[in-house]
Amino acid sequence: MAADDNWQTELPTLVERTAFIFNNEILSDVKFVVPVSIGEIESKKVIPAHKFVLAISSPVFFAMFYGLMAETKDSIELPDCDYESLLELFRFLYTDKVNLSGNNVMQVLYLANKYIVPSLAKKCTEYLHDNLNASNVFFILPHARKFENKDLEDRCWKVIKEQTEEAVTSDGFISVERSVVESVVKREKLSVTELKLYKAVDGWAAAEVQRQGLTPDGKTKRRILGEDIVKAIRFPLISQKDFMSVVFDSDILTFHEVGNMMKHYSGVLKYPLLFKDTARSGIPMYYSDF
């Protein structure tokens with residue numbers, strides 16, 4: 001950005017002047033090189049910055065530029081962030097403003113925590129609170145756990161409890177870590193039928209098998225899920241018709257487990273069920289999803 005010789009006199013406040021030099025070569029004494037992706041093409045972009053402005057807003061930048069082990073290079077590569085998110089971090093440090101969106105908020109939150117800018121982290125958290133819903137809850141929950149944001153994590157579980165069906169059928173559920181899947185199926189209060197919950201878990205297992213490049217069969221999915229998840233599914237809450245048309249065909253259960261369920265449906269089971277048969281909160285015991 002070009003500037004007149006007297007640009008300072010035309011900007012009466014300090015905020016206006018620091019906003020003017022944001023992402024501007026004027027007085028810049030350091031450059032940040034960050035990756036940027038356009039489709040499948042990856043390249044790098046440069047963001048000019050000012051050590052003093054960054055240092056008075058972040059103890060990490062202060063140590064980086066003025067500490068005992070101060071960085072002397074005038075060009076710093078940051079491979080762990082993207083251009084747009086770093087630009088928003090800097091925008092906040094220069095102007096006290098930030099442009100958050102569903103696409104950048106998690107990365108901006110990551111940078112706010114990395115560079116110890118709690119006021120920006122608070123804004124990101126507030127944005128997530130205001131925009132949290134069933135379609136994005138499984139994208140947000142892992143980050144809430146990572147950053148140990150208990151309030152945000154509790155809000156996520158509230159959405160999952162009240163809108164379980166929408167949440168487990170969202171795009172986010174299919175890519176969560178196994179520990180999240182286990183946490184979901186072990187909860188007593190879920191607003192989803194057991195059949196739809198099982199179908200979502202089976203879909204997650206199939207996707208994980210594909211991600212790991214393994215053979216897509218029932219035994220592999222069972223191993224990927226683990227016994228804790230399989231045993232937490234309440235198969236007796238699924239009708240016999242749905243069990244045979246969905247669960248049986250997925251080939252996750254063993255011959256003994258299927259036999260146990262058949263005896264349960266026939267009323268001739270002489271020993272305890274292998275799976276819990278108490279209904280989760282608010283869901284009828286048998287409810288067909290077809």
Side-chain angles (χ1 to χ4, degrees), residues 1-38 42-132 136 139-140 143-144 146-149 151-152:
M1 180 186 296
D4 296 332
D5 290 340
N6 298 323
W7 61 270
Q8 300 91 334
T9 63
E10 298 172 5
L11 303 169
T13 69
L14 177 61
V15 171
E16 288 177 294
R17 292 192 290 275
T18 54
F20 182 79
I21 62 172
F22 162 64
N23 197 24
N24 195 319
E25 294 283 356
I26 295 175
L27 301 177
S28 172
D29 54 0
V30 64
K31 292 178 174 59
F32 289 84
V33 183
V34 290
V36 60
S37 297
I38 302 176
E42 292 189 1
S43 59
K44 295 181 179 179
K45 293 188 75 170
V46 175
I47 301 177
H50 308 77
K51 294 179 180 179
F52 176 76
V53 176
L54 301 184
I56 62 173
S57 302
S58 160
V60 176
F61 283 127
F62 181 86
M64 182 184 295
F65 299 128
Y66 301 104
L68 295 177
M69 303 292 290
E71 180 64 67
T72 57
K73 295 184 296 185
D74 60 2
S75 181
I76 300 172
E77 293 212 18
L78 296 179
D80 65 334
C81 66
D82 62 79
Y83 173 77
E84 297 296 338
S85 300
L86 185 63
L87 198 63
E88 291 309 317
L89 170 67
F90 288 172
R91 186 191 309 279
F92 185 78
L93 301 186
Y94 281 76
T95 71
D96 286 332
K97 298 178 181 179
V98 61
N99 298 325
L100 297 175
S101 70
N103 293 327
N104 71 16
V105 63
M106 299 312 308
Q107 180 71 12
V108 175
L109 178 58
Y110 163 75
L111 294 175
N113 282 283
K114 176 181 178 180
Y115 293 103
I116 315 179
V117 187
S119 52
L120 177 57
K122 181 180 178 182
K123 282 186 175 293
C124 292
T125 300
E126 289 172 348
Y127 178 91
L128 291 170
H129 284 176
D130 294 340
N131 294 275
L132 180 65
N136 62 26
F139 290 116
I140 295 172
H143 294 279
K146 177 180 179 180
F147 297 129
E148 298 181 346
N149 189 323
D151 180 56
L152 181 58

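Residue numbers count from 1 along this sequence.
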* Checking side-chain contact (heavy atoms from CB on, under 4.5 Å) for the pair L87/F22: CA distance, chi angles, key distance, verdict? -> CA-CA 9 Å; L87 198 63; F22 162 64; 3.9 Å; yes
Considering non-hydrogen atoms only, spot the tightest contact between [X] and [Y] and give its length.
X: A121; Y: A112; result: N-CB, 3.6 Å
X: N131; Y: N136; result: O-ND2, 3.0 Å
X: S101; Y: N104; result: N-OD1, 2.9 Å
X: P59; Y: I116; result: CD-O, 3.5 Å
X: L78; Y: V34; result: O-CG1, 3.8 Å
X: V53; Y: L93; result: CG1-O, 4.0 Å

From [X] atom [atom1] to [Y] atom [atom2], the distance as rounded to the nearest 0.5 Å:
X: L89; Y: I47; atom1: CG; atom2: CD1; value: 9.0 Å
X: I140; Y: L132; atom1: CD1; atom2: CG; value: 4.5 Å
X: L109; Y: N149; atom1: CG; atom2: CG; value: 7.5 Å
X: N24; Y: F20; atom1: CG; atom2: CZ; value: 5.5 Å
X: S75; Y: F32; atom1: OG; atom2: CZ; value: 9.5 Å
X: I21; Y: S28; atom1: CD1; atom2: OG; value: 9.0 Å

Non-neighbouring partners of [X] that pass salt bridge (Lys or Arg N to Asp or Glu O under 4.0 Å), sequence neighbours left out:
X: D151; answer: R155
X: D80; answer: K114
X: K31; answer: E25

* **side-chain contact (heavy atoms from CB on, under 4.5 Å) between V30 and F65, intermediate numbers included** => CA-CA 10 Å; V30 64; F65 299 128; 4.1 Å; yes
* Listed by chain and number, what are the ring-ring contact (aromatic ring centres under 6.0 Å, His included) partners of H143, not counting sequence neighbours? -> none
* Under the ring-ring contact (aromatic ring centres under 6.0 Å, His included) test, which residues partner Y66, sequence neighbours left out? -> F62
* Side-chain donor or acceptor of T18 paired with backbone N/O of L14 under 3.5 Å -> yes
All side chain to side chain contact (heavy atoms under 4.5 Å, CB included) counterparts of [X], not counting sequence neighbours:
X: D82; result: E84, S85, Q107
X: L68; result: none
X: V15; result: T13
X: K44; result: V33, E77

* To do: Go through the steps for F147 and T125 under the test side-chain contact (heavy atoms from CB on, under 4.5 Å), then give the verdict.
  => CA-CA 11 Å; F147 297 129; T125 300; over 6 Å; no
* What pairs meet the salt bridge (Lys or Arg N to Asp or Glu O under 4.0 Å) rule with one or both residues in residues 9-22, with sequence neighbours excluded? -> none
* Non-hydrogen side-chain atoms of V108 and L111 separated by less than 4.5 Å -> no
* **Non-hydrogen side-chain atoms of W7 and I26 separated by less than 4.5 Å** => yes
* NZ/NE/NH1/NH2 to OD/OE distance under 4.0 Å, E88 and R91 -> yes
* Asked: Got a sec, which pairs hit side-chain hydrogen bond (donor to acceptor under 3.5 Å, both in side chains) with one end in residues 48-57, sequence neighbours left out?
  -> H50-Y94
* Asked: Going through the distances and angles, do L54 and M64 end up as a side-chain contact (heavy atoms from CB on, under 4.5 Å)?
  -> CA-CA 10 Å; L54 301 184; M64 182 184 295; over 6 Å; no
* To do: May I have all residue pairs that pass ring-ring contact (aromatic ring centres under 6.0 Å, His included) and include part of residues 96-127, sequence neighbours excluded?
  => F61-Y115
